[in-house]
Engineer: 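First, the structure itself, so that you have it in front of you.
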There are 2 protein chains.
Amino acid sequence: MSAHSESGPALTMRDVAARLGVSPMTVSRALRGQRGIGEATRQRVLAEVAALGYRPNKRARELRSGGPNELIGLVVTNLANPFYSQLAVGLEQICVGYGARVMLGSTGEDPATEREVVADLVDRGVDGLVVAPAGHDHSHLGGTRLRDLPVVLAASPPMGIDVDCVLVDDFGGTREACRRLVARGHRRIGFLGLPPSLWTGSERFRGYAVALEEAGIALDERYISRHRGDSALAEEAAREMLALPDPPTALLTANNRNTVGALRALRDRTQDQEPVALAGFDDIELADMLHLPLTVVSYDPVELGRAAATLLFERQASTAPQPPRRVTIATTLVDHPAPR
Amino acid sequence: MSAHSESGPALTMRDVAARLGVSPMTVSRALRGQRGIGEATRQRVLAEVAALGYRPNKRARELRSGGPNELIGLVVTNLANPFYSQLAVGLEQICVGYGARVMLGSTGEDPATEREVVADLVDRGVDGLVVAPAGHDHSHLGGTRLRDLPVVLAASPPMGIDVDCVLVDDFGGTREACRRLVARGHRRIGFLGLPPSLWTGSERFRGYAVALEEAGIALDERYISRHRGDSALAEEAAREMLALPDPPTALLTANNRNTVGALRALRDRTQDQEPVALAGFDDIELADMLHLPLTVVSYDPVELGRAAATLLFERQASTAPQPPRRVTIATTLVDHPAPR
DNA sequence: CTGTTAGCGCTTTCAA
DNA sequence: TTGAAAGCGCTAACAG
């Protein structure tokens with residue numbers, strides 16, 4: 001029977017001190033490896049602590065010392081979205097290196113919920129926040145109400161507020177994908193996108209528009225659909241485009257939901273119909289196992305999470321005010337050929 | 001300019017009380033909606049609190065009151081795995097209903113890391129833990145060391161410890177999938193599985209074995225491969241099986257990694273080769289868009305997370321000791337036809 | 001109904 | 001090198 005097996009109310013530093021006939025301060029000093037304590041005493045204390053299985057109360061420690069709580073808040077719309085869960089993984093990777101943990105908050109894309117969640121995380125003592133914002137106005141994240149905590153926005157640049165942010169190269173990635181389609185001879189390229197109110201929506205559309213302009217191809221409203229990222233709507237829009245008298249020979253999709261919709265729309269086309277090329281933002285698991293070839297704009301959300309954490313800890317370390325920084329993650333174009 | 005715009009050191013209850021000329025207790029009572037305070041006073045206090053943007057310090061409150069911290073720890077191997085991120089979503093859904101938040105810990109499948117993470121979460125004052133364990137011995141989660149906190153194991157039953165757990169019907173789901181293959185006339189069914197040391201590995205294999213036994217089919221070692229869930233290894237194993245003199249006419253895979261491996265192995269088969277049927281545990285996004293038909297054992301990890309949270313809060317509510325409970329989530333068999 | 005006292009578990013500050 | 005006192009922000013317990 002080891003000494004830990006005793007249960008009951010958690011041990012306090014006083015208990016440990018009492019058993020050793022020393023003051024709590026001695027235990028405290030030994031535990032924190034603070035100098036100004038005899039080596040022999042320290043050993044005796046540490047041995048007793050180990051034997052008792054005593055663990056100091058972090059909350060009390062932080063309350064008194066006023067130091068950082070080594071806690072980062074992560075606010076996302078929906079963790080089931082692989083983009084956000086991978087972001088969380090990257091964030092946590094860096095956090096553990098700083099001895100920090102991640103506290104989670106989901107907003108379900110509702111700005112009001114986001115506000116509450118952020119406030120709650122702040123009340124719980126996070127040292128900083130990574131927020132993938134639900135709305136397009138971010139002034140509620142203003143430093144003042146947040147006890148001047150550092151905030152990093154993810155996947156969207158700050159609007160109405162000056163904070164750091166980490167972004168994906170939405171514009172560059174989409175332009176490159178569109179260029180590839182153009183290089184393969186496509187002139188009628190349909191765009192299935194996100195609403196312009198979303199940063200990603202407007203940036204990815206801009207990539208499409210610029211690539212077409214570079215190729216001397218005029219934008220054609222009939223080939224452009226911009227709605228929320230719902231695969232069913234995207235599928236419908238794709239079907240409509242493909243039913244035009246002069247249908248697009250290629251589709252460019254602004255995110256994986258749109259890509260899925262497009263894939264479904266292309267699913268039932270017969271061999272004798274003109275094949276339609278497809279390129280899209282966001283990689284897709286098993287893309288190489290689909291029944292048709294697919295080109296995707298790929299990037300690493302884990303890296304995005306790491307970048308966000310790094311900005312946060314750097315900001316935390318420096319007391320001097322620094323201008324807001326912006327980190328943009330590169331994308332790569334990946335061709336997934338179809339199985340024969 | 002609203003009153004919040006003042007920054008500086010966070011306000012305390014004392015500050016609010018001082019401005020109103022009342023005692024901190026009055027503010028405390030008003031804030032918690034405690035009765036035994038005049039309605040007029042309460043309004044006055046709440047108005048001032050709102051005007052000042054004062055937010056009580058939750059950590060101090062919890063330290064003093066000794067009550068629950070409304071915090072649940074979630075320990076998983078890798079949040080990038082959709083199974084775990086969906087589990088997290090379900091857990092959080094229930095938590096918000098109880099005013100609780102989720103603190104995250106990743107183990108990377110390392111039992112030693114798991115131990116540390118769990119200890120850290122406990123030190124940080126979680127009221128309970130949901131753990132998807134990395135190893136197969138769980139005695140380090142024993143109540144004693146955890147300050148008698150409630151623990152719920154996810155996806156694995158407790159070994160060497162008595163706690164609640166939530167499981168997927170690994171056995172039943174696999175048996176059903178295998179039965180379906182048998183019903184379609186298959187007699188030589190290859191199994192691509194997980195090592196028997198994993199609970200899911202042994203249960204899913206058992207489902208396979210029982211279904212075969214029911215059909216009067218003897219197990220054949222040549223058709224059985226049990227390794228870690230790595231799709232490359234699974235692909236290799238599948239290729240070997242298919243190269244046998246009398247190859248299996250169907251493959252049954254024990255998880256999505258194995259399914260992906262099998263799909264890749266089947267990818268390059270030509271039209272004139274015998275088609276090989278495929279069934280597997282875990283649903284796959286876009287399964288209906290693959291180049292071959294696939295039957296999957298589907299279930300809802302979000303539901304698993306909800307169940308875990310529910311067990312946790314129920315256990316927390318009842319002081320009387322209750323025997324460990326086990327919740328098993330049902331699976332359904334889903335047929336994904338291939339596109340033509 | 002409101003205020004005072006004490007103390008949650010720990011650490012800062014100061015004294016020995 | 002060690003200890004005693006005081007208090008982080010808040011609330012239980014007991015006054016008034």
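It should be emphasised that the depicted structure is a prediction, and the values quoted were computed from it without experimental measurement. Quick note on labels: first sequence line is chain A, next is B, and so on, each numbered from 1.
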Engineer: Under 4.0 Å from OP1 or OP2 of D:dT1: is there any side-chain N or O of A:T41 that close?
Structural biologist: no
Engineer: Which residue is it: B:R101, B:R59, B:R55? I am looking for the one with a salt bridge (Lys or Arg N to Asp or Glu O under 4.0 Å) to A:D123.
Structural biologist: B:R55
Engineer: Mind checking A:I37 for me? I need base, sugar-phosphate or nothing, with any heavy atom below 4.0 Å counting as a touch.
Structural biologist: sugar-phosphate
Engineer: How is B:T26 classified with respect to the nucleic acid when contacts are heavy atoms under 4.0 Å: base, sugar-phosphate, or nothing?
Structural biologist: sugar-phosphate
Engineer: In whole Å, I'd like the distance from the CD atom of A:Q43 to the P atom of D:dT2.
Structural biologist: 12 Å
Engineer: Nearest whole Å is fine: how far is D:dA12 P from B:L63 CG?
Structural biologist: 12 Å
Engineer: Have a look at A:G38 and say if it touches a base, only the backbone sugar-phosphate, or nothing, with a 4.0 Å heavy-atom cut-off.
Structural biologist: sugar-phosphate
Engineer: Just do the salt bridge (charged side-chain N to carboxylate O under 4.0 Å, His left out) check on A:D15 and A:R19 with the steps written out, would you?
Structural biologist: CA-CA 6 Å; A:D15 300 326; A:R19 274 175 209 258; over 6 Å; no
Engineer: Salt bridge or not for B:R315 and B:D164, using N-O below 4.0 Å?
Structural biologist: yes
Engineer: Pairs under 3.5 angstrom, nitrogen or oxygen only, protein versus nucleotides 11-15 of chain C, please.
Structural biologist:
unit_1 : atom_1 : unit_2 : atom_2 : d
C:dT11 : OP1    : A:R61  : NE     : 2.4
C:dT11 : OP1    : A:R61  : NH2    : 3.2
C:dT11 : OP2    : A:S28  : OG     : 2.7
C:dT11 : O2     : A:R64  : NH1    : 3.3
C:dT12 : OP2    : A:R32  : NH1    : 2.9

Engineer: Looking at D:dG9, I'd like to know if its phosphate oxygens (OP1 or OP2) sit under 4.0 Å from a side-chain N or O belonging to B:Y54.
Structural biologist: no
Engineer: Kindly write out the residues that satisfy side chain to side chain contact (heavy atoms under 4.5 Å, CB included) with A:E116, not counting sequence neighbours, or none if the list is empty.
Structural biologist: none
Engineer: Quick one: A:L31 CG to C:dG9 P, roughly how many Å, whole number?
Structural biologist: 16 Å
Engineer: Can you tell me the distance, in whole Å, between the CG atom of A:L11 and the C1' atom of C:dC10?
Structural biologist: 15 Å
Engineer: Taking the minimum atom-to-atom distance to the side chain of A:N57, which one of C:dG9, C:dG3, D:dG9 wins?
Structural biologist: C:dG9
Engineer: Could you give the CG-to-C1' distance, from A:D15 to C:dC8, as a whole number of Å?
Structural biologist: 13 Å
Engineer: Can you check the A:R14 CZ to D:dG3 P distance for me, whole Å?
Structural biologist: 14 Å
Engineer: Sequence neighbours excluded, which residues qualify as side chain to side chain contact (heavy atoms under 4.5 Å, CB included) partners of B:Q43?
Structural biologist: B:E39
Engineer: Under 3.5 Å, side chain of A:T41 to main-chain N/O of A:I37, donor-acceptor pair present?
Structural biologist: no
Engineer: If you assign B:S23 and A:R59 each to the DNA chain C nucleotide with the nearest heavy atom, which residue ends up on the more 5' nucleotide?
Structural biologist: B:S23
Engineer: Is it true that a side-chain atom of A:D127 and a backbone atom of A:P68 form a donor plus acceptor pair closer than 3.5 Å?
Structural biologist: no
